[in-house]
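Report on the structure given below.
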Amino acid sequence: MKVSVRRCIACRVSADKSSLLRLVLDGKGGLCADEAQKLPGRGAYVHRNAQCVLAAGETGKLAHAFRVEKGHIDGERCRKALSCILRKL
């Protein structure tokens, strides 16, 4: 059986897709966690640990992963979403 592999945008280490957390942009420049990995749009993957989730919060990394300009991502909303995600880990 073929295993889907994705790369963490924070540490750049490849891992099985099911072991990573998928992040997607909501329509307003904020982030949401896509636990089911089914939401539409481009996704960015991070390991399910505090170090990678916090490192992913750098706006430049998110903008690069989502292929958008830095101004299209609301840094404050992303930080709030990432802190919420961290509490759930």
Side-chain angles (χ1 to χ4, degrees):
M1 185 171 160
K2 190 174 179 180
V3 177
S4 295
V5 176
R6 299 291 184 267
R7 182 169 291 155
C8 174
I9 65 168
C11 68
R12 308 292 297 157
V13 173
S14 296
D16 178 28
K17 179 180 168 183
S18 64
S19 71
L20 299 171
L21 176 65
R22 183 174 186 255
L23 304 173
V24 293
L25 285 178
D26 63 16
K28 301 171 186 171
L31 283 178
C32 68
D34 182 11
E35 292 287 341
Q37 298 187 353
K38 301 280 185 194
L39 292 174
R42 177 170 293 280
Y45 292 84
V46 294
H47 283 106
R48 295 174 184 266
N49 63 49
Q51 184 178 2
C52 286
V53 170
L54 290 172
E58 297 174 22
T59 307
K61 287 184 179 184
L62 291 171
H64 181 75
F66 291 120
R67 297 182 182 176
V68 296
E69 296 292 324
K70 286 183 184 179
H72 285 86
I73 295 178
D74 184 342
E76 184 60 31
R77 290 189 69 213
C78 288
R79 280 187 286 281
K80 286 180 182 177
L82 289 172
S83 67
C84 183
I85 290 166
L86 277 175
R87 285 193 295 270
K88 293 178 182 179
L89 290 180

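The first residue of the sequence shown is numbered 1, and numbering continues consecutively from there.
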Do [X] and [Y] sit in the same hydrophobic cluster, where Ile, Leu, Val, Met, Phe, Trp and Tyr count as joined when their side-chain heavy atoms come under 4.5 Å apart?
| X | Y | answer |
| --- | --- | --- |
| Phe66 | Ile85 | yes |
| Val5 | Leu23 | no |
| Leu20 | Leu86 | no |

With rounding to the nearest 0.5 angstrom, report the [atom1] to [atom2] distance, [X] to [Y].
| X | Y | atom1 | atom2 | result |
| --- | --- | --- | --- | --- |
| Ser4 | Lys2 | OG | NZ | 7.0 Å |
| Arg22 | Arg42 | CZ | CZ | 9.5 Å |
| Leu54 | Arg79 | CG | CZ | 11.5 Å |
| Tyr45 | Asp16 | OH | CG | 11.0 Å |
| Arg6 | Ser18 | CZ | OG | 11.0 Å |

Who passes side-chain hydrogen bond (donor to acceptor under 3.5 Å, both in side chains) against Asp26, sequence neighbours left out? Arg77
With sequence neighbours excluded, what pairs up with Glu35 under the side-chain hydrogen bond (donor to acceptor under 3.5 Å, both in side chains) test? Arg48
Whichever hydrophobic residues join Val24 through chains of side-chain contacts under 4.5 Å: Leu39
Is any side-chain heavy atom of Val46 closer than 4.5 Å to one of Ile9? yes
Using every non-hydrogen atom in the two residues, find where [X] and [Y] come nearest and quote the distance to one decimal.
| X | Y | result |
| --- | --- | --- |
| Ile73 | Cys78 | CG2-SG, 3.3 Å |
| Lys61 | Ala55 | CD-O, 3.6 Å |
| Ala10 | Ala56 | CB-N, 3.9 Å |

Among Leu21, Val13, Val53, whose side chain to side chain contact (heavy atoms under 4.5 Å, CB included) with His47 holds? Val13
